[in-house]
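Here the structure is laid out as structure tokens; the discussion comes afterwards.
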There are 2 protein chains.
Amino acid sequence: MAGRNLVGPEADALDLGAVFRALADEHRRSVLTELAADRSDSERGCNSFDLPISKQTQTHHFRVLREAGLIDEIDYGNRKGIRLRRADIEKRFPGLLTLLGAESPGGTAPR
Amino acid sequence: MAGRNLVGPEADALDLGAVFRALADEHRRSVLTELAADRSDSERGCNSFDLPISKQTQTHHFRVLREAGLIDEIDYGNRKGIRLRRADIEKRFPGLLTLLGAESPGGTAPR
DNA sequence: CTTCAGGTACGATGCAAGTCGTACTTGAAG
DNA sequence: CTTCAAGTACGACTTGCATCGTACCTGAAG
């Protein structure tokens with residue numbers, strides 16, 4: 001039952017290039033935007049994002065997000081948990097997660 | 001000679017995906033980091049960035065930056081001026097330019 | 001045990017993107 | 001005018017990446 005946490009980079013080692021590359025993809029960015037919107041930072045099943053792609057491709061995308069240091073993946077064997085590394089991201093790149101909420105032009109941006 | 005300003009997206013139309021894709025490349029990110037560091041936002045020649053790539057490739061990269069809405073390109077015919085669209089970027093994605101200053105990780109961080 | 005759903009590993013494929021070579025255009029300087 | 005440097009246009013090449021098919025692994029429920 002106790003899942004093991006898959007490895008990712010340390011907080012100080014987060015690379016901005018890897019982060020931008022990870023967020024350049026629409027599907028990965030939608031996942032992170034959804035995670036950033038949930039302030040409780042609860043663990044989510046990686047099946048709860050309703051991505052219109054096959055599960056092999058989802059595996060690929062979650063791996064990219066993990067290797068960029070944006071999420072933690074907890075492996076339970078036949079299922080997987082996803083958690084946003086909010087503290088580490090805010091420590092290394094403060095304001096990045098807020099940026100993801102500005103997707104819609106009608107948001108907080110004053111005209 | 002009065003150069004003409006090449007077209008780019010409006011400030012409200014800046015797309016976060018295009019911005020992340022533009023900043024995913026190391027060369028383009030170095031250009032924008034350098035521009036963001038100069039608070040005077042003076043116009044620069046596109047030859048002043050000392051990029052280790054051919055001029056054709058530089059043309060390509062500056063075009064991507066312009067089409068993402070991050071820079072203005074002023075065409076003088078046989079030379080070109082580059083200017084950061086700081087106000088538009090800050091209006092649409094506040095904090096993004098500050099983020100680029102956090103490039104340097106804290107020391108020896110393998111992987 | 002068997003079954004089954006969630007997930008991974010590996011390989012193949014198709015497409016987008018970075019790079020450069022050649023040729024052309026532009027404007028300034030002689 | 002000619003020359004020259006800066007930049008662009010077009011095409012070709014190569015790499016990277018998103019995607020999926022097939023096969024395999026894992027743990028829970030019958």
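Since the model is a prediction, treat every value here as computed from it, not as a measurement. Residue numbering restarts at 1 for every chain, and letters A, B, ... go by the order of the sequence lines.
Between the A/R66 side chain and the A/V7 main chain, a donor and an acceptor come within less than 3.5 Å of each other. A/R28 contributes a side-chain N or O that, together with a main-chain N or O of A/A22, makes up a donor-acceptor pair within less than 3.5 Å. Between the side chain of A/R83 and the backbone N or O of A/R44, no donor-acceptor pair lies under 3.5 Å. B/Q58 places a side-chain N or O within donor-acceptor distance of the main-chain N or O of B/I53, the cut-off being under 3.5 Å. A/R92 contributes a side-chain N or O that, together with a main-chain N or O of B/A102, makes up a donor-acceptor pair within less than 3.5 Å.
As a whole-Å value, the separation of B/F62 CZ from D/dA9 P is 15 Å. Put simply, CG on A/L6 is 11 Å from C1' on C/dG7, counting in whole angstrom units. In this structure, B/E26 places its CD atom 14 Å from C1' of C/dT19, rounding to the nearest Å. What separates CD of B/Q58 from P of C/dC20 is a distance of 10 Å, to the nearest Å. Going from atom CD1 of A/I74 over to atom C1' of C/dG7 covers 15 Å, rounded to whole Å. Atom CZ of A/F49 and atom P of C/dG6 are 16 Å apart (whole Å). Look at CG on B/L51: it is 15 Å from C1' on D/dG7, rounded to the nearest Å. Here the C1' atom of nucleotide C/dT8 and the CD atom of A/E67 are 14 Å apart, to the nearest Å.
Between A/C46 and A/F62 the shortest heavy-atom distance is CB-CE1, 3.5 Å.
Counting non-hydrogen atoms under 4.0 angstrom, A/D75 reaches nothing in the nucleic acid. Using a 4.0 Å heavy-atom distance criterion, B/K55 is classed as a base contact.
For A/R29 and B/F20, the positive end is not near the middle of the six-membered ring at less than 6.0 Å and at most 45° from its axis.
Residue B/T59 places at least one side-chain N or O closer than 4.0 Å to OP1 or OP2 of D/dT8. Using a 4.0 Å cut-off, no side-chain N or O of B/R63 falls inside it from OP1 or OP2 of D/dG7.
Residue B/N78 has its side chain nearest to C/dA28 when only C/dT8, D/dA9, C/dA28 are considered. For B/K80, taking side-chain heavy atoms from C-beta onward, the closest of the listed nucleotides C/dG6, D/dA6, D/dG7 is D/dG7.
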request  = Take nucleotides 10-18 of chain D nucleotide by nucleotide from the 5' end and write B, S or -, depending on whether a protein heavy atom sits under 4.0 Å from the base, only from the sugar-phosphate, or from neither.
outcome  = --------S
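Nearer to the 5' terminus of DNA chain D, by closest-nucleotide assignment, is the contact made by B/N47 (compared with the other of B/N47 and A/S54).
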